[in-house]
Amino acid sequence: MQAIVETIARQAGDLAMAHFGRLASVAVESKGHLDLVTAADKEVEAFVIGELRKAFPDDGVFGEEGGAVSSRSGRVWVIDPIDGTFNFVRGGDQWAVSIGLYEGGAPRFGVINAPARAQLVAGGEGIPATLNGEPLAARQGMDRSKASAGVGFHPVIPVEDRLEMLRFVLEDARMVFRCCGSATISLLEIASGEVDGYIGMGESTWDLMAALPILAQLGVHSTVDWSDISLEAKLKFACGTPDFLELVAPAVPFGSVLSR
């Protein structure tokens, strides 16, 4: 399974990079204020769905851009064809193809390809987390003297709610924050040690389905209660080491959601 999905993710990344190399001609549409979708998103999602259907014909599919196939096996592949489309459109490298496996009511396995950064990350239950084939080190502890949190806010989140969360991070938790505009890349920054954790507001399940099972292999967990949400849910969640989750619990307790 791992080799098959990694190959699909690499090919999807190549397809996205072909569009990335000619951004001036890529068709861009708006799903809402500062919420974009491109021809590249749609083409990559269609490609990934097609390849997954060939490889795993009994499995279901759930994609950000509307792709949906019912599951006969109980397994569902959750796809974000380009997480960080705004960055993609602006020519930045903080975007990725994300393919996660949802089974038994929880994320189980994921592959993330950030082709503009030459990073392929994979892992899940029984599968060690790797970056470009090399094992990733476990994360533990937290140095409060240089604590850092990634943050992400969907454009629909009211400004006052965003400001309150930033106030909590800066004043109550006494951390610095980073906001890169891609939940997937932000979550990978936990694995690399660039941040201690991540707080997301308004994220969708496809934003974290691949990253969470990878991070779980490194001792990194989240506040998402998968037993109580659907794949269509909009999430308010934190992800990080146990020390990070304890620190942010007053603002993001276990089981927080925006909608189920």
Output yes when [X] and [Y] qualify as a salt bridge under the 4.0 Å nitrogen-oxygen rule, no when they do not.
| X | Y | result |
| --- | --- | --- |
| D59 | R72 | no |
| D243 | R144 | no |
| K54 | E51 | yes |
| E125 | R108 | yes |
| K234 | E203 | no |

Working to the nearest 0.5 angstrom, can you tell me the gap between W77 CH2 and I99 CD1?
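Rounded to the nearest 0.5 Å, the CH2-CD1 separation comes out at 8.0 Å.
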Rounded distance (nearest 0.5 Å) linking atom CD1 of I49 with atom CZ of F62
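Atom-to-atom, I49:CD1 and F62:CZ are 10.5 Å apart.
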Please report the shortest heavy-atom distance between F177 and V169, naming the atom on each side.
CB-CG1, 4.1 Å
Nearest non-hydrogen partners of V151 and C179, listed with the distance
O-SG, 3.4 Å
Give the cluster check for L212 versus L101: same hydrophobic cluster or not, with ILVMFWY residues linked at side-chain heavy-atom distances below 4.5 Å.
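No, because L212 and L101 fall into different hydrophobic clusters, even though each may have its own neighbours under 4.5 Å.
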Distance under 6.0 Å and angle within 45° of the ring axis: does R75 meet both against F56?
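Judged by the rule, R75 and F56 form a cation-pi pair.
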Within the structure provided, determine whether I112 and Q119 are in side-chain contact (heavy-atom separation under 4.5 Å).
no
Ignoring hydrogens and angles, tell me if any N or O in the side chain of Q217 forms a donor-acceptor pair with the backbone of G124 under 3.5 Å.
yes
